[in-house]
There are 2 protein chains.
Amino acid sequence: MKTVEITGENFRYEVNIDEGLRFKWPRLFSNEWQSEWTRIMVISDDAVAAHYLDDVIRAAPEETPVSSFIVPSGEQAKSFSWYEEGLTACLTHGLDRNSVILALGGGVVGDLAGFIAATYMRGISFIQMPSTFLAHDSSVGGKTGINHPLGKNMVGAFHQPAGVVYDTSMLQTLPEKEWRSGFSEAVKHGYIQRPAFLSWLKEHVQEMEDLKQADLSEILARSIHVKAGIVREDTFESGVRAFLNFGHTMGHALEKHLGYGKVTHGEAVASGMIYAMTVARHLGYQGLDPEVEADWLKNFGYEPWLFQQFDPQALLEAMKKDKKTEAAEVRMVLLEETGLPIKVPVRDEDLLKCMSEPKGKR
Amino acid sequence: MKTVEITGENFRYEVNIDEGLRFKWPRLFSNEWQSEWTRIMVISDDAVAAHYLDDVIRAAPEETPVSSFIVPSGEQAKSFSWYEEGLTACLTHGLDRNSVILALGGGVVGDLAGFIAATYMRGISFIQMPSTFLAHDSSVGGKTGINHPLGKNMVGAFHQPAGVVYDTSMLQTLPEKEWRSGFSEAVKHGYIQRPAFLSWLKEHVQEMEDLKQADLSEILARSIHVKAGIVREDTFESGVRAFLNFGHTMGHALEKHLGYGKVTHGEAVASGMIYAMTVARHLGYQGLDPEVEADWLKNFGYEPWLFQQFDPQALLEAMKKDKKTEAAEVRMVLLEETGLPIKVPVRDEDLLKCMSEPKGKR
């Protein structure tokens with residue numbers, strides 16, 4: 001089992017990563033805390049629940065009553081109505097301040113369940129049990145929330161979990177698309193952190209087959225370790241945590257422009273990172289060579305130059321509606337070199353130019 | 001001007017109390033912070049807005065755009081639908097992470113606006129500008145939230161304001177009922193704190209007329225000072241902060257049983273405090289003499305023995321649905337003596353007995 005400790009000003013919890021943890025997850029928490037639990041509410045989606053809900057419930061402490069609340073799978077569950085229904089379920093099942101919510105699923109379930117936990121009776125404890133590769137990123141750091149019809153993740157709270165239980169055997173059945181989506185955030189952690197993790201990654205995984213054969217818990221632990229360092233320094237995203245948005249300015253714009261679900265989050269971010277490298281070079285930073293990195297990413301099935309396929313003006317508008325944009329000017333995270341991210345304002349004309357030139361890189 | 005400082009593990013802000021602060025409220029905040037404001041959103045209710053909204057907006061920094069969002073007055077505004085509408089207003093008016101929400105109104109507006117601020121883009125700053133006596137209690141300490149159809153204040157967050165601006169001239173037009181409601185929480189602070197504040201209070205205000213003639217900012221500052229001490233020690237209500245619920249077990253039960261709005265919160269709490277003293281004596285604590293305290297409270301127009309007028313069984317059931325009840329047994333805050341609160345479980349039969357005996361105390 002791999003363990004990464006996540007700490008901040010007033011929290012400390014563990015991410016535990018191993019095969020089969022869903023069968024024995026309570027062991028990861030103290031008996032003292034467990035003896036206080038009045039009830040467990042497992043929140044999951046129908047796809048994940050069909051496979052793993054029974055295992056998780058069966059492993060719960062015998063003396064603690066367990067309820068469950070199942071939402072439809074997909075982004076639609078991060079809505080006001082599912083949020084309200086979840087709170088209603090907590091009330092009708094009699095959860096009190098010593099009850100625990102267990103989020104069993106991918107990023108959507110983690111965000112929704114975390115926000116329910118953050119606001120039920122002004123906040124109760126919750127445990128993250130991610131079921132996807134991508135969720136190794138979102139399950140750590142305490143960002144929770146739902147979508148507003150006018151924008152993604154516009155409503156939410158910072159609420160740290162009491163622990164993250166990562167059962168890697170749940171990832172084996174994921175489709176390749178989902179592996180790609182998750183691996184992209186690991187690569188991002190490689191880019192924004194001093195070279196160690198990126199070198200290690202490139203040495204160990206050159207293509208998709210390598211990734212599937214690799215020691216997954218090792219990759220996840222190393223990737224989470226990078227994020228842990230950033231969360232420790234800046235829990236509320238007022239400074240360096242913004243670097244985690246590397247690749248996300250264009251990434252979000254692509255998701256929005258194509259319509260959510262048409263491209264996975266990580267696939268969009270992969271292209272967004274290549275775009276950010278292109279912008280950095282254009283502005284005179286040495287940064288990383290986008291062509292070299294794009295070639296590596298292609299081996300995993302990414303489309304690094306995806307951003308060149310659409311109307312630049314439309315992508316620019318999508319960027320400007322992103323909530324990280326505090327003013328009219330787009331501020332992007334760029335790399336001066338590997339592990340040296342900076343946040344800089346970029347003029348519209350530069351943004352547009354980098355979307356269309358040089359053509360034919362694909 | 002009176003100033004009380006509120007501090008906790010990771011926050012520090014001021015409560016400033018004076019006449020006419022609504023005309024000059026920005027002076028209470030640093031120029032540095034104000035220069036970061038991208039927009040101000042004033043959230044208020046129609047009754048308060050009719051009197052004071054213009055003054056507040058006119059006082060805002062010239063260069064900062066101001067929007068407003070007005071809800072109907074009364075408890076109904078603490079609903080999911082007004083919460084969602086408020087978030088929508090923030091989005092359509094273009095609030096970003098450097099925008100500020102200003103809550104202008106009583107406890108309802110403060111709770112709703114605070115919860116919107118707590119969850120808009122995972123939390124933005126807000127300023128409390130209480131317009132009632134009662135809100136001297138709720139505006140301090142960071143409790144925010146809305147009601148769920150199945151229970152009051154079931155959904156919310158701890159989110160500290162950046163400051164509390166208390167313009168006492170806004171209180172002068174309040175009906176007597178509202179003075180009573182607010183004064184009750186001040187009396188509560190007197191009961192649960194070492195004798196100083198209670199003695200001072202009894203010395204200075206013997207009846208309603210005294211209260212109206214008194215130096216209001218002095219009373220408010222002293223009352224808030226008691227609360228500040230408790231919030232500093234226990235921001236998230238895991239310990240001593242529960243003592244602030246003195247009188248609230250029966251108080252909430254009365255409000256619920258009579259229907260919200262039939263009796264003011266403070267009037268219900270006043271009777272709840274006398275009930276708690278009755279229970280303490282019944283259980284063998286010396287505590288305070290409920291008859292002596294009831295006589296003092298009557299001078300202000302309270303009905304201290306209100307709890308004797310209803311079906312004990314119905315009140316007991318209402319108590320048990322209170323969210324502070326972690327188990328089947330009711331846990332109440334009692335006084336061993338003035339300033340010495342304790343939290344103890346009380347058996348149903350004792351609770352019932354103290355509601356009906358001895359009769360005729362009124």
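Here is how names work: the chains are called A, B, and so on, in the same order as the sequence lines, proteins then strands, and each is numbered from 1. For the numbers below, each heavy atom of this structure counts, side chains included, while hydrogens, waters and symmetry mates do not. Just so it is clear, the model here is predicted, and its values are computed rather than measured.
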| task | Might you point out which heavy atoms bring A:Pro26 and A:Pro61 nearest each other, and give the distance in Å? | result |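 Looking at all heavy atoms of both residues, the shortest contact is CG-CD, 4.0 Å.
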| query | How far apart are the closest heavy atoms of B:Asp234 and B:Ala242, and which atoms are they? | reply |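 Answer, listing the atom of B:Asp234 first, then B:Ala242: OD2-N, 4.4 Å.
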| Top of B:Thr88, B:Asn10, B:Ile116 for chain A proximity - count of heavy-atom pairs under 4.5 angstrom |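 Option with the greatest count: B:Thr88.
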| said: Salt bridge or not between A:Glu237 and A:Lys143? Use side-chain N to carboxylate O under 4.0 Å. | reply: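 Yes, this pair counts.
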| said: Please classify the contact of B:Phe236 with chain A as side chain, backbone, both or neither, using a heavy-atom distance under 4.5 Å. | reply: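 Interface part for B:Phe236: neither.
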| task | Against chain A, label B:Ser238 side chain, backbone, both or neither, depending on which of its atoms sit under 4.5 Å from a heavy atom there. | result |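 Contact with chain A is absent: no heavy atom of B:Ser238 under 4.5 Å.
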| task | Look at A:Phe158, A:Tyr120, A:Phe115, A:Phe80 and state which one has the largest set of heavy-atom pairs under 4.5 Å with chain B. | result |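 Sorted descending by pairs with chain B, the first entry is A:Phe80.
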| message | Treating B:Ser30 as the side-chain partner and B:Trp33 as the backbone partner, does any N or O pair qualify as donor plus acceptor under 3.5 Å? | response |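 Such a contact is found between B:Ser30 side chain and B:Trp33 backbone.
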